[in-house]
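Inspection log for the structure reproduced underneath, given as structure tokens.
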There are 2 protein chains.
Amino acid sequence: MFISTATNTLDAKGRLSVPADFRAEVTGGIFDGIVIWPGVDGPYLEGGGVALLQSYGAMINDMDPFDDVRLAFEHTLFGAAKKLSFDATGRVTLPKELAEHAGLSASATFVGLGSRFQIWDKDTYGAHLAKAQELAKASRHLMRPRRSGGDT
Amino acid sequence: MFISTATNTLDAKGRLSVPADFRAEVTGGIFDGIVIWPGVDGPYLEGGGVALLQSYGAMINDMDPFDDVRLAFEHTLFGAAKKLSFDATGRVTLPKELAEHAGLSASATFVGLGSRFQIWDKDTYGAHLAKAQELAKASRHLMRPRRSGGDT
DNA sequence: TTGAAACCCATGAAATCCCATGCTAGGTAA
DNA sequence: TTACCTAGCATGGGATTTCATGGGTTTCAA
């Protein structure tokens, strides 16, 4: 699982260290790296391992081949996604258009969300988090563990 | 999987570089190149490796041999498709009739859609993508990965 | 013989690889 | 408990390779 938050620097070459915890989640599979795409409803990036993208693909495959919504998903997800492989020290090179979408300049904040993660500008994320915490507090009664809680 | 978007130039000879990521998807098979056909519902081209065409063929084979729909599929897909092989530097020569169908002049935009890809004129695609993003945003609640977690 | 397609080579930019450095946390020994 | 040591991690910069692109030359068929 991708958990916790970490802010790393984005250097002049567009390189960005992926937190070691996150790397451990995706290494050992077919592709030694991550997949990232722009968030559909805000200035952030979303991503995970290739397996995550494949699981979205499985959902899309269940839809009619020429359904407009299916095509929209295919274009916004697959069309906009980028495969970024790790260098020897665990960094990826972030394409300019993705950095711009998220408004990233000198640093980037990784936020683990369980099965996937997001990348935000540090300050933008601060504001977003404050709102999220408020909503979580207001809705806290909806949060309850499923049967037989503590996994592993 | 074919993912991400890239715009390459279409030179005076009709040559077009296929993005390296896309080439990697199709090389190593029987045929070292791609297969392309005109999009049925718009000014774009659609294609993939020979394996993609074979999978469509398998679907068509399940239909009644004299079904009008089957014949229509056979003609629009197999009849219009072209096999384009790579030159030493990974380019293909795009036939004029295909370039015209997609309204391509000086450049072409490759869009990966998972199991296949499309080729658009850059500006035409910009407008198409904007609509797709709007619909994807409005329908984003339908988007959820299958197969529990997406780890690994 | 003339046009088109395939092949060969050159070039600039961008991505990738390689090596070095500082920092921090965790463990070990005095 | 404290000082030290070490391993893992993030970061910086230079070197090398890959990739897209342009132009020339050869080959083949109409």
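We name chains A, B, ... by the order of the sequence lines, and we start the count at 1 in each one.
In this entry the distance linking CG of A:L84 with P of C:dA14 reads 17 Å, nearest Å. As rounded to whole Å, 10 Å separates atom P of C:dA5 from atom NZ of B:K82. Across the protein-nucleic acid pair, A:F22 atom CZ and D:dA10 atom C1' stand 15 Å apart, rounded to whole Å. Following rounding to the nearest Å, A:D32 (CG) and C:dC17 (C1') show an atom-to-atom distance of 14 Å. When rounded to the nearest whole Å, the span between CG of B:N8 and C1' of C:dG12 equals 15 Å. The distance between atom CG of B:L98 and atom P of C:dA5, rounded to the nearest whole Å, is 12 Å. Taking atom CG of A:D21 as the reference point, atom P of C:dA25 lies 14 Å away to the nearest angstrom. Computed from coordinates, the B:L16 CG to C:dA6 C1' distance equals 16 Å when rounded to whole Å.
For A:K83, the NZ atom counts as densely surrounded, since its 6.0 Å shell holds more than 12 non-hydrogen atoms of other residues, nucleotides or ligands. Within 6.0 Å of CD on B:E134 lie no more than 12 heavy atoms contributed by other residues, nucleotides or ligands. By the 6.0 Å contact criterion, CG on A:L113 is enclosed, its count of non-hydrogen atoms from other residues, nucleotides or ligands being greater than 12. Enclosure of atom CZ in B:F73 is not indicated, since only 12 or fewer non-hydrogen atoms of other residues, nucleotides or ligands lie within 6.0 angstrom.
Residue B:T93 has a polar side-chain atom (N or O) positioned under 4.0 Å from OP1 or OP2 of C:dA6. Listed pair A:T9 / D:dA10 fails the phosphate criterion, with no side-chain N or O lying under 4.0 Å from OP1 or OP2.
Nucleic acid contact class of B:D87 (heavy atoms, under 4.0 Å, all strands): none.
For A:F78 and B:F2, the ring centers are positioned 6.0 Å apart or more. For A:Y44 and A:H128, the gap between ring centers reaches or exceeds 6.0 Å.
Two residues are said to be in side-chain contact when any heavy atoms from C-beta on lie closer than 4.5 Å; A:D21 and A:E25 fail this criterion.
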What N/O pairs connect the protein and nucleotides 13-19 of chain D at under 3.5 Å? Give each pair on its own line.
| from | atom 1 | to | atom 2 | distance (Å) |
| --- | --- | --- | --- | --- |
| D:dG13 | N7 | A:R15 | NH2 | 2.9 |
| D:dG13 | O6 | A:R15 | NH1 | 2.7 |
| D:dG14 | N7 | A:K13 | NZ | 3.3 |
| D:dG14 | O6 | A:K13 | NZ | 2.2 |

